[in-house]
There are 2 protein chains.
Amino acid sequence: MASIKDVAAEAGVSVATVSRVLNDHPSVSAAARTRVLAAVETLGYRPNAVARSLRTDQTHTLGLVISDVLNPYFTELARSVEEEARALGYSVIIGNADERPDLQDHHVRNLLDRRIDGLLVSPTDGGSPLMLDAARAGTPMVFVDRWIPGVDVPVVRSDGRAAVRDLVAHLYRLGHRRLAIIAGPAATTTGRERVEAFREALGAYGLPLPDAYIGQGDFQAESGRRVTEGFLDLAEPPEVVFAADNLMALGALDAVRARGLRVPDDLALAAFDDIRWFVHTDPPVTAIAQPTGELGRAAVRALVDRIEGRPGESVTLPARLVVRRSCGENPVTNRSQS
Amino acid sequence: MASIKDVAAEAGVSVATVSRVLNDHPSVSAAARTRVLAAVETLGYRPNAVARSLRTDQTHTLGLVISDVLNPYFTELARSVEEEARALGYSVIIGNADERPDLQDHHVRNLLDRRIDGLLVSPTDGGSPLMLDAARAGTPMVFVDRWIPGVDVPVVRSDGRAAVRDLVAHLYRLGHRRLAIIAGPAATTTGRERVEAFREALGAYGLPLPDAYIGQGDFQAESGRRVTEGFLDLAEPPEVVFAADNLMALGALDAVRARGLRVPDDLALAAFDDIRWFVHTDPPVTAIAQPTGELGRAAVRALVDRIEGRPGESVTLPARLVVRRSCGENPVTNRSQS
DNA sequence: CGGGTTCGTGGAATCGATTACATCGACGGG
DNA sequence: CCCGTCGATGTAATCGATTCCACGAACCCG
């Protein structure tokens with residue numbers, strides 16, 4: 001592969017001049033410029049990003065460590081992150097943690113070794129020392145969706161409190177009183193927060209949230225299935241299950257179907273995170289939708305701000321309830337038949 | 001950030017010795033080794049992958065350019081690719097082309113500039129000169145899922161012919177005679193092949209595939225919706241629509257629902273690529289399942305073989321039909337009630 | 001006891017870029 | 001006419017690793 005030296009030789013100038021042309025430095029004659037450009041063309045030269053990064057100590061690359069690529073919420077997030085980053089002149093390297101702290105650390109280490117300019121993380125657990133060290137060491141960093149409390153890192157996330165209140169109001173109106181939740185891992189902020197928001201909202205209606213109605217999931221489908229089966233085995237099973245993410249909702253659907261039961265008649269279902277398929281599931285699933293694209297873009301902007309020496313602020317955007325039929329007849333689109 | 005020089009100073013040896021310890025070269029005394037390791041520990045030193053890559057001309061990184069991250073089929077592929085690559089000591093950088101040739105080229109260029117060791121591509125179009133040049137120039141490369149004919153690059157894919165025949169047999173048995181297809185872009189191999197396989201299979205039953213029953217889609221949901229609406233507007237609409245990927249099937253569901261019609265009564269539906277949500281859609285969707293994980297792993301193995309100087313062979317794995325209810329009552333799980 | 005291995009180590013070149021500094025010629029003003 | 005300035009260019013240092021080569025010490029064998 002042709003190097004800058006080859007181009008210099010071909011154009012009859014020094015490597016310095018070639019470099020200047022490539023970085024359009026003002027002080028280079030028109031004649032030299034055209035000769036260099038011609039040489040670049042004939043040799044099909046492309047600057048070696050590795051060498052350039054070594055010298056300039058910038059990779060123009062962002063690292064994104066997400067919790068699970070198979071989760072549509074995160075792929076949508078990843079997509080918007082890459083889009084915004086590209087618009088700002090950065091590339092993105094994605095690391096998939098599969099909800100495993102060890103994998104998360106593997107990717108963080110890898111990205112740091114590659115000297116990425118900044119790191120976007122949705123932490124799988126509460127306190128990877130590696131990540132805390134990196135943050136303290138001054139690696140530009142932004143948390144997205146989930147975060148680690150007590151670290152001085154901007155957080156870009158969406159606040160589901162209001163939407164959860166709306167959800168509980170909706171459920172209450174439909175006559176449901178025994179409400180259960182499939183929680184995410186307690187080590188994640190979203191895992192804890194969604195339970196708290198749910199408990200609070202229930203409290204406003206004088207409803208309890210007994211321990212038996214808090215199932216411990218891990219944001220993966222299988223755990224949703226397992227927890228739902230547990231709920232169905234209870235002497236007094238809940239009337240509604242609220243899954244803290246879309247994959248656990250999928251697992252819940254699996255469990256209900258495996259028993260030959262029906263949603264919402266036998267068990268109503270709602271989920272955090274709205275995805276396209278929820279429109280066409282049987283029945284369509286009521287969900288809390290985050291402004292995913294906006295979150296990704298805001299996170300990138302905050303991170304790039306940090307990288308380029310500007311403040312880089314935390315952002316919190318509201319989520320909203322999308323009512324469908326999985327909790328009972330939808331009072332909005334109420335079609336009179338039955 | 002500490003460099004190898006700092007480690008050398010701390011340990012009281014030369015950088016050469018440090019390097020030798022790090023790459024566990026045999027010729028280094030136990031005493032030196034422990035001193036170096038201690039220095040590495042106290043400084044929290046991590047080798048700079050950028051510098052290392054410049055010197056060794058290896059990045060231990062694979063590039064993966066996929067057609068669409070929002071397509072669950074490709075995220076599953078991406079996941080298995082990363083997994084296998086990690087097992088073999090490689091990292092993966094993913095580029096998302098969003099089915100756009102310009103974006104695809106952007107990512108290929110970017111990956112080449114970063115001097116990745118090898119490239120895994122599922123080409124969005126038939127002949128990006130950039131990619132052809134790279135292949136000719138000797139960049140280790142493997143096509144996965146889709147490929148470009150006439151290029152000397154191994155192809156790892158799945159053959160859907162038999163499964164499509166099974167599908168048509170299934171449809172025929174259910175009494176369907178007017179079968180339509182939502183095709184993928186003609187510029188992609190899978191876009192063409194699936195139509196061909198379908199046409200062939202229909203031929204075996206003496207069924208025609210009129211042009212009006214071939215809708216031109218682009219593997220994205222919106223095109224599936226548009227094409228399906230066109231089908232429904234026909235004087236004689238088809239009885240079945242076969243979508244060449246899962247997103248277009250989603251679009252088809254959108255279209256059917258928007259008209260207040262029902263699957264399969266008003267229009268039956270089948271899709272290429274099986275995804276988890278198809279189990280829970282209304283109705284569950286009959287689909288052709290590819291061995292996605294196996295494809296990803298085989299592709300990585302082929303690519304790494306090429307990189308490390310071994311042959312690196314093409315692989316074709318069979319796809320299989322998964323019958324559900326979207327084409328009419330399932331003759332296998334036939335539940336006697338109605 | 002001398003010469004040839006072997007082993008451990010350090011010096012220095014190298015990868016491909018960027019960039020500070022030096023140089024040189026032309027040009028304009030006093 | 002001379003000198004200072006400015007614009008264009010080249011030389012060489014540098015980033016952080018790897019690795020070839022040389023060198024000295026220890027060791028072995030005859």
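Chain letters run A, B, ... following the sequence lines, proteins first and then strands; every chain starts at 1. As a basis for the values below, the full set of heavy atoms in this structure was taken, side chains included, without hydrogen atoms, waters or symmetry mates. The shown structure was predicted, so the numbers you read here are calculated from the model rather than taken from an experiment.
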Between A:Arg301 and A:Glu294, does the salt bridge (Lys or Arg N to Asp or Glu O under 4.0 Å) criterion hold? Intermediate values first, please. CA-CA 11 Å; A:Arg301 283 194 297 266; A:Glu294 211 23 75; 3.2 Å; yes
Filter on ring pair (Phe, Tyr, Trp, His ring centres under 6.0 Å), then keep only pairs touching residues 14-68 of chain B, sequence neighbours left out; what's left? B:His60-B:Tyr90
Would you say B:Asp98's side chain and B:Arg100's backbone share a donor-acceptor pair under 3.5 angstrom? no
Position toward the 5' end of DNA chain C (nearest nucleotide), B:Thr17 or A:Ile4: B:Thr17
Just checking A:Val13: base, sugar-phosphate only, or nothing, at a heavy-atom cut-off of under 4.0 Å? sugar-phosphate
CD (B:Glu308) with more than 12 external heavy atoms under 6.0 Å: yes
I need the NZ-P distance between B:Lys5 and C:dA12, as an integer number of Å. 13 Å
B:Thr42 side chain near B:Glu10 side chain, heavy-atom distance below 4.5 Å: yes
Tell me, please, the opening and closing nucleotides of DNA chain D, 5' to 3', among those with an atom under 4.0 angstrom from a non-hydrogen atom of chain A. D:dA8 to D:dG16
Would you mind reading off the distance between A:Arg20 atom CZ and C:dT18 atom P, rounded to a whole angstrom? 11 Å
Close residues, residues 21-39 of chain B, relative to DNA chain C [heavy-atom separation under 4.0 Å]: B:Ser27, B:Val28, B:Ser29, B:Ala32
In residues 41-63 of chain B, which residues come under 4.0 Å of DNA chain C by heavy atom? B:Leu54, B:Arg55
Test item: side-chain donor near acceptor, A:Asp145 and A:Tyr73, under 3.5 Å: yes
Any idea which heavy atoms bring A:Ile307 and A:Pro140 closest together, and the distance? CG1-CB, 3.7 Å
Donor-acceptor pair between A:Ser91 and B:Arg114 side chains, under 3.5 angstrom: yes
Electrostatic pair B:Glu99:B:Arg146 at N-O distance under 4.0 angstrom: yes
My understanding is that only residues two or more places apart in sequence, or in another chain, count here; which of them pass salt bridge (Lys or Arg N to Asp or Glu O under 4.0 Å) with B:Arg306? none
Side-chain contact, heavy-atom cut-off 4.5 Å: B:Ile116 with B:Leu62? no
Pull out every residue in residues 109-118 of chain A that has a heavy atom closer than 4.0 Å to any atom of DNA chain C, ordered by number, or say none. none
If we count only N and O atoms by modelled type, under 3.5 Å, do the side chains of B:Glu82 and A:Asn96 hold a donor and an acceptor together? no
Residue pair B:Ala2/A:Gly12 against DNA chain D: nearer the 5' end by closest nucleotide is A:Gly12
Quick one, B:Val81 and B:Leu120 - any side-chain contact, counting heavy atoms below 4.5 Å? yes
